[in-house]
Amino acid sequence: MGAVRKWAPWALLVAVAAVVLAFGLHRSSHPSLDARVQSVAAQVRCPVCNGETVAQSQAAPSVEIRTQIRQELVAGESQGQILAGLVNSYGSGILEKPPASGIGLVVWVVPIVAGVLGAGGLVMVIRRWRERAGP
């Protein structure tokens, strides 16, 4: 009987934590329409603002794009379909992240190649300095 009293608060704590975790997971698996609109809008640049996304901007074109995103989500379109439609309307520059294909692939590959070449050059220079310094 003493062991039950000793472990009962811990068992209750674990049960409450499990219920809270299950509730949190259930809620996060079904984001609200507003959250979905913000998620898509955060991936799109404001067409008239400098350095702002459609989610951040209050400019008229951004408000219109957010309204369009909402309508398309309600109509059942996927995030990919919505982004593709915006690219068709505004060009690929409307996206915050350039697509990893075509010319957009260069934007992703060039920094990686430059970093690797720079690191390789640095290693070669350090080796030459060590060879010249000698033991």
Side-chain angles (χ1 to χ4, degrees):
M1 186 75 161
V4 171
R5 284 188 180 172
K6 182 179 177 182
W7 292 103
W10 292 107
L12 180 62
L13 180 64
V14 168
V16 168
V19 168
V20 169
L21 183 61
F23 181 72
L25 289 175
H26 177 69
R27 284 189 57 124
S28 65
S29 66
H30 300 293
S32 68
L33 178 60
D34 288 336
R36 292 171 48 213
V37 169
Q38 288 299 315
S39 174
V40 175
Q43 298 177 50
V44 179
R45 289 184 181 161
C46 172
V48 296
C49 306
N50 222 358
E52 285 188 330
T53 65
V54 168
Q56 298 166 327
S57 173
Q58 293 304 315
S62 291
V63 173
E64 290 173 15
I65 291 172
R66 283 196 304 268
T67 302
Q68 177 185 348
I69 291 169
R70 178 179 301 279
Q71 291 169 349
E72 291 173 356
L73 284 171
V74 168
E77 290 191 35
S78 70
Q79 176 177 319
Q81 291 171 321
I82 294 169
L83 293 174
L86 289 169
V87 167
N88 285 338
S89 297
Y90 295 94
S92 63
I94 194 78
L95 299 178
E96 275 292 302
K97 285 187 188 177
S101 63
I103 194 71
L105 186 60
V106 173
V107 174
W108 292 102
V109 172
V110 167
I112 294 169
V113 170
V116 169
L117 291 175
L122 187 60
V123 167
M124 288 176 55
V125 167
I126 291 172
R127 283 185 181 171
R128 285 188 183 169
W129 284 346
R130 286 186 178 175
E131 288 174 4
R132 286 184 186 168

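Values below: all heavy atoms of this structure, side chains included; hydrogens, waters and symmetry mates excluded. Here the structure is a predicted model, which is why all the values come from computation and not from measurement.
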Taking atom CG of Asn88 as the centre, does the number of heavy atoms from other residues, nucleotides or ligands within less than 6.0 Å exceed 12?
->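 More than 12 heavy atoms, drawn from other residues, nucleotides or ligands, come within 6.0 Å of this atom.
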
What residues, two or more places apart in sequence or in another chain, satisfy side chain to side chain contact (heavy atoms under 4.5 Å, CB included) together with Val110?
->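 With sequence neighbours excluded, Val110 shows a side chain to side chain contact (heavy atoms under 4.5 Å, CB included) to Val106, given in chain and number order.
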
Can you name the side chain to side chain contact (heavy atoms under 4.5 Å, CB included) partners of Ser57, sequence neighbours left out?
->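 By the side chain to side chain contact (heavy atoms under 4.5 Å, CB included) rule, Ser57 matches Cys46, Cys49, Glu52, Ala59, Ser62.
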
Give a yes or no on whether Val44 and Val74 share a hydrophobic cluster (residues Ile, Leu, Val, Met, Phe, Trp, Tyr; joining criterion: side-chain heavy atoms under 4.5 Å apart).
->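 Cluster IDs for Val44 and Val74 match.
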
Interatomic distance, Arg45 atom CZ to Glu96 atom CD [nearest 0.5 angstrom] =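 It comes to 5.0 Å.
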
Quick one: salt bridge (Lys or Arg N to Asp or Glu O under 4.0 Å) pairs with a partner in residues 71-82, sequence neighbours left out?
->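 Output for this query is empty, none listed.
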
The single option from Leu95, Ile69, Ile94 passing side chain to side chain contact (heavy atoms under 4.5 Å, CB included) against Leu83 |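 Looking at Leu95, Ile69, Ile94, the match for Leu83 under the side chain to side chain contact (heavy atoms under 4.5 Å, CB included) is Leu95.
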
Listing, residues 33-41 side-chain donor-acceptor contacts under 3.5 Å, not counting sequence neighbours, or none:
residue : atom : partner : partner atom : Å
Asp34   : OD1  : Arg70   : NH1          : 3.0
Asp34   : OD1  : Arg70   : NH2          : 2.6

